[in-house]
Undergrad: 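Quick one: this structure, given as structure tokens, is what I'll be asking you about.
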Amino acid sequence: AQSGAAKLIVIDVRTTLAAENARKYGTFLESRPGTDVALYNAIGAELIKNGKIDKKFIDAHTVGFDDYRKLVTTKYSLSKLSGLTGITTDQIRSVANIIGRSKATLFLSGKGIEHQAHGTDMVCSLINLALITGSFGKPGRSYSPLGGHQGSIVNPPLFSGELDNVTIPNKTIFQMMDQIDQGTQKALVAACVQPFVTLPHASHFHEIMTKKLEFLVVTDIYPNETTAIADVVFPAASWGEAPYTSTNTDRRVRFYEVFAPAPGEARPDWAIPTEIGRKMGFAKEFNWNSAEEIFDELKAGTPFSGLTYERMRQAGPTNFQMPVPTSKSNGTARLYTDGHFPTPDGRAKIWALDFKPQPEPPSSQYPFVLITGRDNDLWQSGYTFKRIPQLVARKPHNTVLVNPTDARRLGIQDGQLTTVRTRRGAVQIIAEVTERIPAGRLFTLWGYPGSLTNALTIDVRDPISQTPCYKGCAANLAPA
């Protein structure tokens with residue numbers, strides 16, 4: 001983008017570093033929270049209107065286009081959308097023209113559209129734009145989610161084979177919490193998860209786990225709020241203390257050797273449940289003696305069925321790109337080059353999706369939209385972050401971003417302690433008065449140690465992915 005060879009388009013509810021770069025090298029659209037489906041539909045309608053779609057690709061490799069075209073061209077014309085999305089018709093038209101003229105468009109999304117009450121709709125609406133422009137299977141074109149745990153958001157059928165003999169009770173942590181609340185689940189094993197910090201409406205889940213859960217087992221590398229209430233704690237080996245594999249957003253699988261001994265009684269993640277299973281009388285079912293044995297069993301019928309630890313050791317940093325279907329395969333550099341998608345008929349689905357409003361709009365009592373998120377240096381519950389002095393020095397405390405107009409009206413100064421309140425609770429956070437957040441919105445980090453932001457967020461979940469709405473609830477702000 002800096003060289004002028006590409007146009008950068010960023011859509012966000014606040015001004016980030018990416019947004020600042022987009023202002024220099026492309027276009028920044030500052031949208032209203034939760035309106036992504038409407039915005040993407042409007043862009044799609046404009047692309048169709050101007051004939052800037054790949055009809056050949058659509059006809060050969062997709063289904064559902066006629067329903068999509070009818071919806072977006074009748075309900076999402078530009079004149080109807082600017083008031084809803086906060087983006088002008090000229091801006092929407094300009095972005096559609098940039099995409100329509102481009103020979104290759106790469107569509108990327110972050111957690112901003114996934115952590116929503118209708119996040120699956122938002123992701124699929126963006127994928128629709130990639131599909132109608134034929135942006136799959138070709139250099140410089142694709143859709144890719146950027147984040148650490150995409151499988152929890154959109155879980156496509158990636159398996160290359162059949163797993164008819166395997167039954168896995170696939171429940172999210174929220175569904176398990178519901179069962180505990182209802183009394184149908186009595187015990188919980190929490191491995192490397194911090195429910196008190198990471199789940200929305202934290203007080204609700206704290207009550208469930210402290211008053212209704214009968215037996216809690218926790219596996220983690222550091223003491224935290226969850227280990228403090230556990231009946232049994234198993235210390236786990238950390239990164240570098242046990243062999244493991246990882247897969248990045250580019251589908252690259254890499255093997256990592258041990259380079260440091262595990263401290264004290266810490267055990268690798270695989271070894272702890274294996275030993276528990278044996279103690280429960282299932283020695284035959286839990287007969288593994290290494291992570292490699294588990295990998296060899298697990299890989300059958302998966303996109304990495306052609307990999308072994310030895311192959312990955314030999315490859316080193318070169319690694320492999322999934323799928324690696326056979327032992328003779330060196331991986332797959334690009335997906336969908338043949339236009340075949342992992343669906344029953346081999347065609348990608350274009351979804352006709354209507355906009356749905358946020359579950360908790362602002363009110364006179366709670367006039368702000370509170371948005372929570374992460375920082376470059378801060379991930380998940382922050383327990384690694386707070387042990388690295390250099391990172392803490394860069395962000396010594398959590399802040400809530402507030403627009404100068406709102407700050408003046410409320411009598412709030414930059415650096416002043418404030419109280420952020422929602423229908424679920426209140427948290428004290430230092431104000432950061434900045435133009436990087438529009439008036440009427442607040443932004444704060446949700447995993448900063450000692451700042452329980454999720455005491456504020458709403459426990460409303462996407463009906464498909466079960467992902468919570470971390471990115472929009474009604475809030476109030478006042479001096480502390």
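All values below were derived from every heavy atom in this structure, side-chain atoms included, with hydrogens, water molecules and symmetry-related copies excluded. This one's a predicted model, so the numbers in the text were calculated from it and none came from an experiment. Heads up: numbering here begins at 1 and tracks the sequence.
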Undergrad: Is there side-chain contact between Thr247 and Met322, with at least one heavy-atom pair below 4.5 Å?
TA: yes

Undergrad: Say whether Tyr309 and Ser290, considering side chains only, have a donor N or O and an acceptor N or O under 3.5 Å apart.
TA: no

Undergrad: Nearest 0.5 angstrom please: Thr274 OG1 to Ile294 CD1, how far?
TA: 4.5 Å

Undergrad: For residues Thr226 and Gln194, is any side-chain donor paired with an opposing acceptor at under 3.5 Å?
TA: yes

Undergrad: Side chain to side chain donor-acceptor pair (under 3.5 Å) for Asp269 and Thr219? Distances and angles first, verdict last.
TA: CA-CA 8 Å; Asp269 287 332; Thr219 298; over 6 Å; no

Undergrad: Compare every heavy atom of Cys192 with every heavy atom of Asp220, then report the nearest pair and how far apart it is.
TA: OD2-CA, 4.0 Å

Undergrad: State which residue, out of Leu146, Leu126, Ile127, fulfils the side chain to side chain contact (heavy atoms under 4.5 Å, CB included) condition with Ser109.
TA: Leu126

Undergrad: Are any side-chain N or O atoms of Glu275 and backbone N or O atoms of Ile272, one a donor and one an acceptor, separated by less than 3.5 Å?
TA: no

Undergrad: What's the verdict on side-chain contact (heavy atoms from CB on, under 4.5 Å) for Leu417 and Gln428, showing C-alpha distance, side-chain angles and the deciding distance?
TA: CA-CA 7 Å; Leu417 188 64; Gln428 291 191 334; 3.6 Å; yes

Undergrad: Could you give the distance from CG (Asp12) to CZ (Arg436), rounded to the nearest 0.5 Å?
TA: 11.5 Å

Undergrad: Can Leu477 and Leu442 be said to form a side-chain contact (heavy atoms from CB on, under 4.5 Å), step by step?
TA: CA-CA 9 Å; Leu477 180 70; Leu442 306 172; 3.8 Å; yes

Undergrad: Report yes or no: does Thr422 contribute a side-chain atom to a donor-acceptor pair with the main-chain N or O of Arg424 at less than 3.5 Å?
TA: yes

Undergrad: Go through the side-chain N and O atoms of Asn319 and Arg252 and say whether any donor and acceptor fall under 3.5 Å apart.
TA: yes

Undergrad: Would you call Arg461-Asp178 a salt bridge at under 4.0 Å N-O?
TA: yes

Undergrad: Are the side chain of Ser305 and the backbone of Thr302 linked by a donor-acceptor contact shorter than 3.5 Å?
TA: yes

Undergrad: Under a 4.5 Å cut-off applied to non-hydrogen side-chain atoms, are Pro200 and Phe174 in contact?
TA: yes

Undergrad: Would you mind reporting whether Arg251 and Ser144 have side-chain heavy atoms less than 4.5 Å apart?
TA: no

Undergrad: How far does CG of Asn454 sit from NE2 of His206, to the nearest 0.5 angstrom?
TA: 14.0 Å

Undergrad: Would you say the side-chain atoms of Arg311 pair up with the backbone N or O of Gly306, donor to acceptor, closer than 3.5 Å?
TA: yes

Undergrad: With a 4.5 Å limit on heavy-atom distance, are the side chains of Arg313 and Glu257 in contact?
TA: yes

Undergrad: Roughly how far, to the nearest 0.5 Å, is the CZ atom of Phe304 from the OG1 atom of Thr245?
TA: 7.0 Å

Undergrad: Flag yes if more than 12 heavy atoms outside Glu293 fall under 6.0 Å of its CD atom; otherwise flag no.
TA: yes

Undergrad: What I want to check is whether the side chains of Asn128 and Ser125 have a donor and an acceptor closer together than 3.5 Å.
TA: no

Undergrad: What's the separation between atom CG in Asp354 and atom CG in Asn41, rounded to the nearest 0.5 Å?
TA: 7.5 Å

Undergrad: Kindly say whether Leu307 contributes a backbone atom to a donor-acceptor pair with the side chain of Lys299 at under 3.5 angstrom?
TA: yes

Undergrad: Would you say the side-chain atoms of Gln116 pair up with the backbone N or O of Gly112, donor to acceptor, closer than 3.5 Å?
TA: yes

Undergrad: Using modelled atom types and a 3.5 Å cut-off, is there a donor and acceptor pairing between side-chain atoms of Lys386 and backbone atoms of Val392?
TA: no

Undergrad: Provide the closest heavy-atom pair for Cys473 versus Ile458 in the form atom of the first, atom of the second, distance.
TA: CB-CG2, 4.0 Å

Undergrad: Is any side-chain heavy atom of Phe196 less than 4.5 Å from a side-chain heavy atom of Ile229?
TA: yes

Undergrad: Can you establish whether the number of heavy atoms outside Glu265 located under 6.0 Å from its atom CD is more than 12?
TA: no

Undergrad: Tell me if a side-chain donor or acceptor on Arg441 pairs with a main-chain N or O of Val13 at a distance below 3.5 Å.
TA: yes

Undergrad: Knowing that exactly one of Leu410, Val400, Val427 qualifies, which makes a side chain to side chain contact (heavy atoms under 4.5 Å, CB included) with Thr418?
TA: Val400

Undergrad: Hey, what's the ring geometry for Phe65 with Tyr68, parallel, tilted or perpendicular (30° and 60° as the breaks)?
TA: tilted

Undergrad: Once you round to the nearest 0.5 Å, how far does CG of Asp121 lie from CG of Asp462?
TA: 7.0 Å

Undergrad: Provide the closest heavy-atom pair for Ile173 versus Pro195 in the form atom of the first, atom of the second, distance.
TA: CD1-CG, 4.2 Å

Undergrad: Flag the pair Lys212 and Glu207 as a salt bridge only when some basic side-chain nitrogen lies within less than 4.0 angstrom of an acidic carboxylate oxygen.
TA: no

Undergrad: Using atom types as modelled and distance alone, determine if a side-chain donor or acceptor of Asp181 lies under 3.5 Å from a backbone N or O of Ile208.
TA: no

Undergrad: For Tyr244 and Tyr256, take the angle between the two ring planes, folded into 0 to 90°, and tell me which bin it lands in: parallel under 30, tilted 30 to 60, perpendicular over 60.
TA: parallel

Undergrad: If you look at every heavy atom in Pro361 and Ala474, which pair is closest and at what distance?
TA: O-CB, 3.5 Å

Undergrad: So for atom CZ, which belongs to Arg387, do other residues, nucleotides or ligands contribute more than 12 heavy atoms lying within a distance under 6.0 Å?
TA: yes

Undergrad: Please give me the minimum heavy-atom distance between Val63 and Arg347, naming the atom from each residue.
TA: CG1-CD, 3.5 Å

Undergrad: With the side chain counted from C-beta on, respond yes when Leu370 and Leu456 share a heavy-atom pair under 4.5 Å apart, and no when they do not.
TA: yes

Undergrad: Examine Arg14 relative to Phe443 and say whether NZ or CZ is less than 6.0 Å from the centre of the six-membered ring and inside a 45° cone about the ring axis.
TA: yes

Undergrad: Would you indicate whether the side-chain heavy atoms of Trp288 and Glu297 approach each other to under 4.5 Å?
TA: yes

Undergrad: Taking all heavy atoms of Leu84 and all of Thr35, pick out the closest pair and write down the distance.
TA: O-CG2, 3.5 Å

Undergrad: Using the ring of each side chain (for Trp, its six-membered ring), is Phe259 parallel, tilted or perpendicular to Trp239, with breaks at 30° and 60°?
TA: perpendicular

Undergrad: Check whether the side chains of Thr308 and Asp296 place a donor and an acceptor atom closer than 3.5 Å, and report yes or no.
TA: no

Undergrad: Determine whether Tyr76 and Tyr40 satisfy the following criterion, ring-ring contact (aromatic ring centres under 6.0 Å, His included), listing intermediate values before the conclusion.
TA: CA-CA 9 Å; Tyr76 293 90; Tyr40 304 147; over 10 Å; no

Undergrad: Please report the C-alpha distance between Arg423 and Glu360 in whole Å, then the side-chain angles of each, then the deciding distance to 0.1 Å, and finally whether the salt bridge (Lys or Arg N to Asp or Glu O under 4.0 Å) criterion is met.
TA: CA-CA 10 Å; Arg423 291 178 173 89; Glu360 191 177 67; 3.3 Å; yes

Undergrad: Evaluate the side-chain proximity of Ile430 to Asn398: yes if any heavy-atom separation is below 4.5 Å, no if none is.
TA: no

Undergrad: Indicate yes or no for a side-chain donor-acceptor contact from Ser329 to the backbone of Thr326 under 3.5 Å, with no hydrogens or angles considered.
TA: no

Undergrad: Do the ring planes of Tyr336 and Phe341 sit parallel (below 30°), tilted (30 to 60°) or perpendicular (above 60°)?
TA: parallel

